[in-house]
Amino acid sequence: FGSNAEIKVEFANEDASKQITVKTVHGESKKKRIQTMSVFSGNETVGGKIYIAPSGSKRLEHTGIKVELIGQVELAYDRGNHYVFTSLIRELDAPGILTAEKTFSFEFANVEKQYETYNGVNVRLRYFVRVKISRSYGSNIKKEIDFAVQNVRPDPEINNTLKMEVGIEDCLHIEFEYDKSKYHLDDVIVGKIYFLLVRIKIKHMELQILKRESTGNGPNLYNETEIMTKFEIMDGAPVRGECIPIRLFLSPFDLTPTFKNVHNKFSVKYYLNLVLVDEEERRYFKQQEFFLRRKA
Amino acid sequence: ANDATRRLNSKKQTLDDAYAAPA
Amino acid sequence: QEKLLDEAMGIVRSQSFQMKRCLDKGRLMDGLKHASNMLGELRTSLLSPKMYYELYMLISDELRHLESHLLDEFQAGHRVADLYELVQYAGNIVPRLYLLITVGLVYIKSNENCKRDILKDLVEMCRGVQHPLRGLFLRNYLLQCTRHILPDVEDPPPSNNPLDNEQGSISDSLEFILLNFAEMNKLWVRMQHQGHSRDKEKREKERQELRILVGTNLVRLSQLEMVDVDRYKKMVLPGLLEQAVSCRDALSQEYLMECIIQVFPDEFHLETLGPFLQACAELHEDVNVKSIISSLIERLAAFGNKEDGDGIPSEIKLFEIFSQHIATVIKSRPELPLEDMVSLQVSLVNLAQQCYSSRLDLVDSVLANTAHIFDNLNITKIHSGSPLGKELSRLLRLPTGNYNDLLVILQLVNFPKLLQLLDYQGRKTISTFLMNNAIDNGTIIPSPEQVDGVLSLCSSLVR
């Protein structure tokens, strides 16, 4: 019923500086893959060239060639449904026959891509162009080429410190302070922990970054929490009045910006979890939400 | 400021606290 | 313990070998990873201080190789961008800080303009290690690494521009060492509270073995050329005494006060006797204050008596200062053993004789004070075999042996009074000593009054 086709897509910005490597999880087997893809900002034009060549018998009859730009949310527990939030089509070719490689230019300008690409445990937000070669007999030929969207945010006008006194009566009182509440992905968390009362035998203290991915709503809300790092900030037991410095660089970790209620489907939040461990392995902790953004 | 050496000002510990036995 | 140490050292050697191999092949990040693994052995809680020290020394040697490699690379222009930041990615604090100190040192050696900033950062970030043993060794590593690079130049005039004085000056070095010293003393004192109370003696012994780690801070201070008498008086000694007095720990106080005496020059001590002796009066009751003050007096007496020296400056009333402060110490420490009080008087006599040899009145004033002490305590008889008796005997022999002239002893109005306090045996011994001294020195007793005086001194032999 006619041959297949080799489809290749080249984005207009395909130089190394505008490419990123993304870890994705695929299929039932949860196999991890590393994908390199072009990256665009939210208001950038997505365009380039599509090369289509018939393979096999070197002749491809079709009833039309289109390219679509799709942005969608895919939930792990809801595989049948993809929640499309952006969908645009461009016609590339009228019905005809391809006997040799043909190049098509395409462009999606002024497409608002307000959500960032995200690959999580139970949810994925993808952008891709789909080339579709329609045929009157046999199945249509489709190829999807993912691209990433990353949106930068300006520095917030107000960025308060996160400072709080917490404790357990007669046991442990601390004051923690982190220099900001909103950080960018290459930022550094500068802070301190001040001990107001210490009546337990502390073994060590660490600062964890927790990533909480929430999917679904209401009774179907599901949270997946991942510990992105455990960073030891103190070894040994302090006494009252001790002030322990914190300096935690964020760039080594695989973090994303904070996502709040993306397309009503999922959120990704981050927390600083201060954990004190005593000699009997009892853990005392205080979680504090903080916000991450992508900076230009 | 260089991020690699940035710190918050630390509160000074009193001498009594510094040398007190663990409580 | 030996088995644990062997195991740890085996890991260190293996990781160090890997580290060097990676560095030789230009794989810096891999080399640092192996260095971090090696340093992970210093996180152990299983080794005694002695064994930990062995492990620390081996690792320090290996880190020197890393430092040397990085310095060569930096100086050859192969500077790894943001290395100071990169080493801070390490998840465990002990390896992280050892690497930070090593890299910080390389940065400073290759570019003096970051010296002030990095030195301050290193001494502050070490606060994260609050475990006494691990913290002490970490800060010792910091001190050893920085021994040749602490800024030792005069402070510049005050400026509003924070970029001025990036290389640092003497005030920065003093702040650095004094902070490091305060933190180390704190950790060292805190060691006494670790572990079970039944191990107290063992812990004290271990603490003694570690004292040099704390003392090295004082040595470093004394090596700074810009520390003159003025700076010592205003910036150094107050900082040291504040920690010594406040820590209220006998072991630390006794060691630190002795260390101050040994490590700093006598010219500094002459100018700071007041605060130093004042601090002595405030020390813990278990501190051997007598030994500290005697040690200082001996040093200054020797200094004053030096043949090629200028002697004690005339404006410094050395004897009066010591006399006054010793009286204060005795008053503030009612628990001070009597023999220690007398021993202090012995030191004073020694000082008078060495530095003010013509001033017999000073010796007599000491004898008078001693008699006064006994009067106040209603002591009328002292057993010569007791520690107190022995000290009193020493006190009476000292001027005799120094002047070698019985006629001079007769001029000491308070001498007979003190002699009479001894029991018969004691008086007999001293009298014999006096007589032998006169015979050995061929002392002629010219007048009947003086004969009377001598015979009174030797009444235990005559009657």
Side-chain angles (χ1 to χ4, degrees), chain A residues 155 159-165 167-181 183-203 207 233-234 236-252 272 274 276 278-279 295, chain B:
Chain A
D155 291 343
N159 198 344
N160 297 321
T161 59
L162 287 171
K163 186 172 175 178
M164 209 181 281
E165 193 185 307
I168 302 168
E169 200 173 328
D170 290 336
C171 180
L172 176 69
H173 281 189
I174 60 163
E175 184 187 84
F176 68 81
E177 185 176 338
Y178 309 125
D179 63 328
K180 301 180 221 181
S181 42
Y183 292 90
H184 60 81
L185 298 179
D186 294 318
D187 218 331
V188 53
I189 298 175
V190 173
K192 63 186 182 192
I193 309 293
Y194 181 70
F195 286 87
L196 292 151
L197 174 72
V198 186
R199 298 188 66 197
I200 54 169
K201 290 182 188 171
I202 298 171
K203 198 161 72 166
L207 190 61
I233 55 173
M234 183 179 76
V239 293
R240 186 172 71 177
E242 221 72 71
C243 194
I244 305 300
I246 296 170
R247 191 187 294 145
L248 173 53
F249 291 89
L250 297 177
S251 49
L272 287 171
L274 183 70
L276 290 103
D278 73 10
E279 295 281 338
K295 189 173 162 141
Chain B
N2 185 349
D3 271 347
T5 55
R6 200 155 57 87
R7 298 177 307 280
L8 296 184
N9 289 331
S10 61
K11 290 192 199 188
K12 205 161 153 56
Q13 186 180 32
T14 66
L15 289 163
D16 281 343
D17 283 343
Y19 290 108

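Side chains are part of it too, since the values below use all heavy atoms of this structure and drop only hydrogens, waters and symmetry mates. Each chain gets a letter, A, B and so on, in the order its sequence line appears, and its residues count up from 1. Since the model is a prediction, treat every value here as computed from it, not as a measurement.
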Heavy-atom cut-off 4.5 Å, strictly under: side chain, backbone, both or neither for [X] against chain B?
X	answer
Val198(A)	backbone
Phe195(A)	neither
Arg199(A)	both

> If every non-hydrogen atom of Val188(A) is compared with every non-hydrogen atom of Tyr183(A), which pair is closest and at what distance?
Replying inline: O-CE2, 3.5 Å
> Can you find a pair of side-chain heavy atoms, one from Thr161(A) and one from Ser181(A), that are under 4.5 Å apart?
Replying inline: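 The answer is no; the side chains never approach within 4.5 Å.
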> Any side-chain heavy-atom pair from Ile168(A) and Ile200(A) closer than 4.5 angstrom?
Replying inline: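 The answer is no; the side chains never approach within 4.5 Å.
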>> Please check if the number of heavy atoms outside Glu169(A) that lie under 6.0 Å from its CD is greater than 12.
In response: no
>> Heavy-atom pairs under 4.5 Å with chain B: which of Pro245(A), Ala237(A), Pro238(A), Gly191(A) has the most?
In response: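 Among Pro245(A), Ala237(A), Pro238(A), Gly191(A), the one with the most close pairs to chain B is Gly191(A).
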>> For Thr14(B), which atoms come within 4.5 Å of any heavy atom of chain A: side chain, backbone, both, or neither?
In response: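 No part of it gets close to chain A.
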>> Using the rule given for side chain to side chain contact (heavy atoms under 4.5 Å, CB included), can you reason through Leu172(A) versus Ile202(A), listing the C-alpha separation, both sets of side-chain angles and the distance that settles it, and then say yes or no?
In response: CA-CA 10 Å; Leu172(A) 176 69; Ile202(A) 298 171; 4.2 Å; yes
